[in-house]
Amino acid sequence: MQTSKPIPNDFIRQIIAEDLKTKIYQVVTRFPPEPNGYLHIGHAKSICLNFDVAAENGGRCYLRFDDTNPSKENLEYVESIKADLAWLGYTWTELRHSSDYFEQLYGYAIELIKLGKAYVCSLTGEEIKQYRGTLKEPGQNSPYRERSIEENLALFAQMKAGEFADGEYVLRAKIDMNSPNINLRDPIIYRIKHLPHQMTGDKWCVYPMYDFTHCLSDAIEGITHSLCTLEFADHRPLYDWFLDTLATPCHPQQIEFARLSLNYAVMSKRKLQELVESKLVSGWNDPRMPTLTGMRRRGYTPESIRDFCEKIGLTKNNTNIEIGVLENSIRSDLDPKTARVMAVLNPLRVVIENYPTESEQLEAPYHPNDPSMGSRPVTFAKVIYIEQEDFLEEPPKKFFRLAPGREVRLRYAYFITCQSVIKDTNGEIVELRCTYDPATKGGSAPDGRKVKGTIHWVSEAHAITAEIRLYDRLFNQSNPGVSGTDFKTALNPNSIEILPNSKVEASLANAQIDERYQFERQGYFCVDNIDSSAEKLVFNRIVTLRDSWAKIDKANK
RNA sequence: UGGGGGAUCGUUUAGUGGUAGGACUAUGGACUCUGACUCCAUCAACCCAGGUUCGAAUCCUGGUCCCCCAGCCA
C-alpha cells in the first residue's frame with residue numbers, strides 16, 4: 001500500500017487554490033537569487049516553496065538570477081547556485097536573468113519619464129538621504145523633481161551613453177515624498193555604475209534597482225505568484241505602483257512569508273561571509289556551515305533538506321526553528337537506507353587471551369531491519385579494538401558495557417569477559433585482557449544467558465586507519481549576536497574535533513566520496529568530498545545517533 | 001497614532017463562531033545482537049482586559065509584547 005505524502009496546505013497554497021477557482025491559468029513562480037553568495041538552508045525553504053507549488057499545480061518555475069548590481073555579483077556564485085539547485089533535485093523550466101531584460105527595463109523607464117512619473121535627480125547621495133526624511137518625519141521634494149519630460153529624457157539618455165560619472169545623476173520615480181512608507185518617497189530606480197556586468201559586459205553603465213527590476217521581470221515572465229520574504233512587505237506598494245503605472249503584460253501578486261531562522265546558527269550572507277573571510281571556518285563548504293554546499297559536504301541528503309523545509313511549515317510568524325528538527329529529518333531519511341558498519345573512533349586495544357587462532361571471518365548484515373541490503377564479511381581476531389568509552393573500571397549504575405569481570409557481546413561475534421586491565425606508568429589504561437566464550441559465536445549463548453551490552457569492535461590487524469571529523473553546532477548561543485553582541489563571540493570552540501587515528505572495518509577500503517554509512521552505535525558518517533582519498537579515508541560525522549545512555553549518564557552526574 | 005507584519009503546548013504548526021488537533025522535544029514503558037530503529041503511553045498551549053453571542057483561539061473595542069523599514073544593496 002502506498003501512502004502518498006499529503007501536500008502541505010499553508011496560507012500561500014490556500015491563496016493559490018482560491019485564485020485557481022476563479023481564474024484559469026498556469027501557476028508560474030520563480031526562485032530569484034542574487035548571485036552574490038552561496039545558497040543556504042534558508043534559501044532552500046524558498047526554493048522548495050516555489051518549485052513545489054509550481055509542480056503541484058502543473059505550473060512552471062524559473063530560476064532567475066537577479067543580477068542588477070555588478071559590483072557584488074560574479075560567475076562563481078552563479079555556478080554554485082545552479083549546482084546547489086540541481087543537487088536539491090529541482091529543475092527550472094527556464095534559466096533567466098534580470099539582465100536579460102535590461103533593454104525592456106530601459107524602455108519602461110523611458111515610458112515612466114514620458115508619463116511624468118520619473119525624473120533625473122542631481123542631488124548627491126548625502127542630499128538624497130537628507131531629503132528623504134526619517135521614519136517619523138516626511139521628506140521634501142527634490143529641487144530637480146519638476147524637470148521637464150524632454151530634459152529628463154535627454155539626461156537619462158546621456159546617463160546611458162556614459163557621459164556622467166558614477167553618482168552624478170540618478171533616475172527616480174516621482175511618487176510621494178510625504179508617504180509614510182519610505183519606499184514610496186521617490187525611490188531611485190536607475191543608478192550609474194561604470195562597471196562591466198558578467199552577462200552584458202560593457203554594454204551598460206546604468207543599472208536598474210531591485211524595486212524597479214523585480215516587479216517588471218515578474219511581469220515579463222508571466223509570474224502569477226511572486227513569493228518573497230517578509231522584509232519585502234513594505235515594498236509591495238511600490239511593486240504594485242510600477243505595475244499599475246506602466247502597461248505591463250500582467251500584474252503578478254506578491255506574497256510574503258517568514259524567512260527561516262535556525263537556532264545555534266547564523267543565516268545572513270554578511271555573517272557567513274565574515275566567517276569565511278576571517279577563516280573561522282574553512283570555506284563556504286565547511287561542513288559546519290548552513291550553506292547547501294557545506295551541508296552537502298557534511299553528508300546531508302537533498303531529501304532530508306526537502307523534508308525539513310516541509311516540516312518547518314510556512315507562515316508569517318517570526319520563528320526560531322530548533323536544530324533538532326533538522327537532525328530529525330536527516331536521521332529519519334538515513335536510517336532505512338544506510339548501511340551499517342563498524343568503526344572505532346577512539347581505540348582501546350583488547351587481547352582475547354583464550355582465542356586459539358589469529359583470526360576468522362564472520363558475516364555481518366548491512367542493515368538489521370532490511371535483509372535485502374545484504375551483508376559483508378568482517379574479520380574477528382585475537383587482538384581487536386573497542387571504543388575507549390565502552391570500558392569503565394568503575395562502572396556507574398546502569399552502565400551495561402565492559403568493566404572488570406563483566407561480560408558483553410561483541411557485535412556479530414562472541415561474548416567476552418574482561419579479565420584484567422593494563423595501564424602505563426601514568427596510570428592510563430592501554431590494554432584490556434579478555435576471554436571469550438566459543439559457544440557464543442554469532443552473538444547468542446546456547447545456555448540462554450543474556451548480556452545487556454553489545455559493543456562494536458574492529459580487528460587490529462585488519463582495520464583501516466581513518467580520519468574522522470566530529471562536528472557540533474557552530475555556536476554556543478541559541479541566537480548568536482542577539483542584542484548587539486558580536487556573533488563571533490558565540491562561536492563554539494568545540495564545533496570540530498578531528499580524530500586522526502580512528503579504526504574502521506576493512507570493508508570500507510573502497511568507500512567512495514559522498515558515500516554515507518552508519519557507524520554502529522555512533523552516528524551517520526559521510527566520506528569527505530574534498531580531503532578523502534584511497535590512501536587516507538576521511539569521514540565527516542553527519543549527525544549522531546540518538547543516545548539515551550548519554551542522558552542517563554548525565555543524570556547520574 | 002510614522003508605516004508594515006506578527007502573537008496557540010518548551011519549539012513548530014492546524015484551526016476561519018460549536019470537543020483546541022498534529023509534528024519535534026521531554027518523560028515513562030514495550031521490543032532489541034546498535035542504550036539505534038520501531039511501537040505504546042504521558043506531560044504540555046489560545047498575549048492581556050473588556051464586549052457581542054446559547055457558545056469566542058476565531059468577531060468587536062482597548063491595551064501589551066516581538067519583528068521589519070530611513071542603501072545610488074537585494
Sidechain N-carboxylate O distance under 4.0 Å for A:E407, A:R449: yes
Length of the line joining A:N318:CG and B:rG5:P, which is rounded to integer Å: 13 Å
Nearest to the side chain of A:D335 - B:rC69, B:rA74, B:rC37? B:rC37
Please state whether the base of B:rG4 and the side chain of A:R236 form at least one donor-acceptor pair under 3.5 Å? no
Nearest to the side chain of A:S548, heavy atoms from C-beta on, is which of B:rU13, B:rC73, B:rG35? B:rG35
Parallel, tilted or perpendicular: rings of A:F164 and A:Y169 (30°, 60°): tilted
Give me the distance, rounded to whole Å, that separates B:rG3 from B:rG22 when you measure between the P atoms they each carry. 41 Å
Between the side chains of A:R30 and A:S226, is a donor N or O closer than 3.5 angstrom to an acceptor N or O? yes
Just the rounded figure in Å: distance from P of B:rU34 to CH2 of A:W549. 17 Å
Starting at the 5' end of RNA chain B, which residue's closest nucleotide do you reach first, A:F399 or A:N9? A:N9
Taking the same atom, C1', in B:rA45 and in B:rA14, what whole-Å distance lies between them? 13 Å
Any N/O donor-acceptor pair, A:D547 side-chain to B:rG35 base, under 3.5 Å: no
State whether A:N317 places a side-chain N or O below 4.0 Å from either non-bridging phosphate oxygen (OP1 or OP2) of B:rU13. yes
Phosphate contact (B:rA74 OP1 or OP2) by A:T68 side-chain N/O below 4.0 Å: yes
Side-chain donor or acceptor of A:E322 under 3.5 Å from a matching atom on the base of B:rU12? no
Note: A:K337-A:D370 ion pair, threshold 4.0 Å (strictly below): no
In terms of the nearest nucleotide of RNA chain B, which residue is placed more toward the 5' end: A:A233 or A:R521? A:A233
Just wondering, do A:E168 and A:T124 contact through their side chains at under 4.5 Å, heavy atoms? no
Between B:rA74, B:rG35, B:rU27, which nucleotide has the shortest distance from any of its atoms to the side chain of A:Y210? B:rA74
Heavy atoms under 4.0 Å, any strand shown: does A:D166 hit a base, just sugar-phosphate, or nothing? nothing
